[in-house]
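Written out below as structure tokens is the structure these notes cover.
Numbering of ligands and ligand atoms starts at 1, following listing order. The shown structure was predicted, so the numbers you read here are calculated from the model rather than taken from an experiment. For reference, positions follow the sequence shown, starting with 1. In what follows, every heavy atom counts, from backbone to side chain, and hydrogens, waters and symmetry copies are set aside.
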Amino acid sequence: MSPQEAKNRIESLSAELKQHNYNYYVLAMPTIADFDFDKKLEELSSLEKQFPEFADPDSPTQKVGGDLTKEFVTVQHRWPMLSLGNTYNEQELLDFDQRVRKAIGDNFEYVCELKFDGLSMSLTYEGGKLVRAVTRGDGVQGDDVTTNVRTINTIPKRLREGDYPDEFEIRGEVFMHLKAFERLNAERLENDEPTYANPRNFASGTIKMQDSAEVAKRPLDCFLYFLYTEKVLYKTHWDSLLAVKSWGFHTNEHSRLCSNIEQVFDFINYWDKERFNLSYDIDGIVIKVNSIAQQQELGFTAKSPRWAIAYKFKAEQVQTELLSVSYQVGRTGAVTPVANLKPVLLAGTTVKRATLHNADEIQVRLKLHEHDWVFVEKGGEIIPKIISVNLEKRQPDASAIQYITHCPECGTLLERKEGEAAFYCPNETGCRPQIVGKMQHFIDRKAMNIDGLGDETIETLYQKGFISKISDIYDLYLHNDELKKMDRFGEKSITNMLAGIEASKQMPFEKVLFGLGIRYVGATVAKKLAMHFKNIDNLAAATTEELTAAEEIGERIALSIIEYFANPLHQQEIERLRAQGLQFVAEEKVVTLASESLSGRTFIISGTFETYSRDELKDLIEQNGGKIVSSISAKLNYLVAGENMGPAKLEKAQKLNIPIISDVDLLGMIE
Ligand code: AMP
Ligand code: ZN
């Protein structure tokens, strides 16, 4: 392909894919099959690699901002980002209407909008390009989170031709759909990572992350609801909403124009019920005076506009009876109490259970008694929460709920670690849900992804006595004949299963490590550990200090790893798996020494860097003959310091007169 042909093809593919993205994310009306879309994206990506000179930074292939932004820059808002006055009842809203009338007379309209429960975001466009995204912050200044916001599909990075001004600001709400929230939270639970209480927290936690590649994995969405321009372009707010929609922004289709407060109430009453059928959370309705001239006449208080107000919905609460408390044991042995409730209708669904989190929730916060009547509320979570107890309905002779002392599955005395809320069953090798759960975790799609072997088969094989730990899976082939005789399995499925097990021996170290199910070592952490320590022996021998020196590894994870490897049972299991042929060494990117420039010199990398991750710098040093050491001593040659490095380290290095260099200096040392 000639450069000219490539250029044309890249341009036409980009344009086509952008249109498809727009159809899919903004109009929600895709006109291409996912498969075909991916094919085209692949073609574009390979052309861009071949002809990097034609690659556009806004290309649909660049949706993922792969670089690490370590700290957010504070940016002054051009127009302050105010909050809204709140009302909770009809009277307060009527008062608002009165105040508006008094100021501007009777001739006006309202625009009613849903009040999305997310975080507000200010976007600045110049020449049709997104140049800046800033959080509300304190209203006067916020965090520049542009790199993260660029990963949001429904926010256009570059506008198509249109009648928009050269420079403008547009504001909206970034949020997460309930489905995505549930899916991602379930994954976090599975990986022993803390879950988010509701989609709003998940969204704001995500926007504040340092690694935008990680942000890109968490689907966020954004509704835009306000346009700011130097000169007023539209007579009404409604017209400006129509305009920004035509420019390619995601506006909300439920906004309504109302000619009086009665219509506003109709809108509110409708959505008070209907909100539970939306795919995202709203916490109220925003009412805005439509005419921009009238908005200007009304003006602002110090905190909020006088031309708009938020009507907040009350969280729906119901009362029901506590029937019992049951306890679930997870694969790590953690015990989770669950309240079984007399079924009751709440927010459109029948509720039978509520989370109780831990023992303190039961005995300290709620002081639950048998057959208490409890108030239940649905927040962002799908499983509702018990808010409080109706003490008036408590039977005088009711006894307090006692948290169990022994494992409901195996009867072992439960343990609680210092500083932790949860109780654990320590009987790792004799407690059914732990044994089965660990094996199920190991074969999971995100871990070893073993073809032909599913959760139910694991359960059955365990019950039949074939397997009770991960390594037993790799000896299943020895039972080939017995397995084929089992009535629930066909010969073909046994063959497939055994083939899948054999093939999984080639899964990379990071997947094996994740599959082992070490507490707090989720998929991402496993990957970082594999990259950093290269093999299981280095990892097993690492001290807390060495562990926490690795990227993203904190004290909690470090302790859990050390505890895991200290257990002789785990050591035996790893030896057996190693003998069975699993991968315990990270695949080396073939290191041909790039140069000898750093040979004979030692380095420590500390802090965070603008352009490189610490592991990349580490590779760079090693590929050029340098050596990474773990602690600062007088013998150390260089300390490569990024931002936010620990003050103790810095002080020590300064005391020993060790040259402190930047990543740029380091690059300069390499030929
Ligand atoms: P509050 O934080 O309760 O003062 O409410 C004000 C916030 O509501 C704004 O900062 C926005 O983030 C958010 N909001 C959600 N939906 C809308 C909307 N349709 N119009 C204006 N603000 C909204
Ligand atoms: Zn147990």
Tell me whether [X] is salt-bridged to [Y], with the criterion being a basic N under 4.0 Å from an acidic carboxylate O.
{"X": "K288", "Y": "E113", "value": "yes"}
{"X": "K217", "Y": "E214", "value": "yes"}
{"X": "R432", "Y": "E459", "value": "yes"}
{"X": "D360", "Y": "R416", "value": "yes"}
{"X": "E415", "Y": "K417", "value": "no"}

Are there any N/O pairs under 3.5 Å between ligand 1 and the protein, and if so, what are their distances?
{"unit_1": "ligand 1", "atom_1": "3 (O)", "unit_2": "K312", "atom_2": "NZ", "d": "3.1"}
{"unit_1": "ligand 1", "atom_1": "4 (O)", "unit_2": "L84", "atom_2": "N", "d": "3.3"}
{"unit_1": "ligand 1", "atom_1": "5 (O)", "unit_2": "K115", "atom_2": "NZ", "d": "3.2"}
{"unit_1": "ligand 1", "atom_1": "8 (O)", "unit_2": "K115", "atom_2": "NZ", "d": "3.3"}
{"unit_1": "ligand 1", "atom_1": "10 (O)", "unit_2": "R136", "atom_2": "NH1", "d": "2.6"}
{"unit_1": "ligand 1", "atom_1": "12 (O)", "unit_2": "S120", "atom_2": "OG", "d": "3.2"}
{"unit_1": "ligand 1", "atom_1": "12 (O)", "unit_2": "E173", "atom_2": "OE1", "d": "2.5"}
{"unit_1": "ligand 1", "atom_1": "12 (O)", "unit_2": "E173", "atom_2": "OE2", "d": "3.4"}
{"unit_1": "ligand 1", "atom_1": "12 (O)", "unit_2": "Y225", "atom_2": "OH", "d": "3.3"}
{"unit_1": "ligand 1", "atom_1": "16 (N)", "unit_2": "F116", "atom_2": "N", "d": "3.1"}
{"unit_1": "ligand 1", "atom_1": "19 (N)", "unit_2": "E113", "atom_2": "OE1", "d": "2.8"}
{"unit_1": "ligand 1", "atom_1": "19 (N)", "unit_2": "L114", "atom_2": "O", "d": "3.0"}
{"unit_1": "ligand 1", "atom_1": "20 (N)", "unit_2": "K288", "atom_2": "NZ", "d": "2.9"}

* Taking the Zn ion (ligand 2) as the vertex, what is the angle from SG of C431 to SG of C407, given to 10 degrees? ->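 Rounded to 10°, it measures 110°.
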
* Only pairs at least two apart or in different chains count here, so list each side-chain hydrogen bond (donor to acceptor under 3.5 Å, both in side chains) that has a residue in residues 92-103. => Q91-D95, D97-R101, D97-Y110, R101-D106

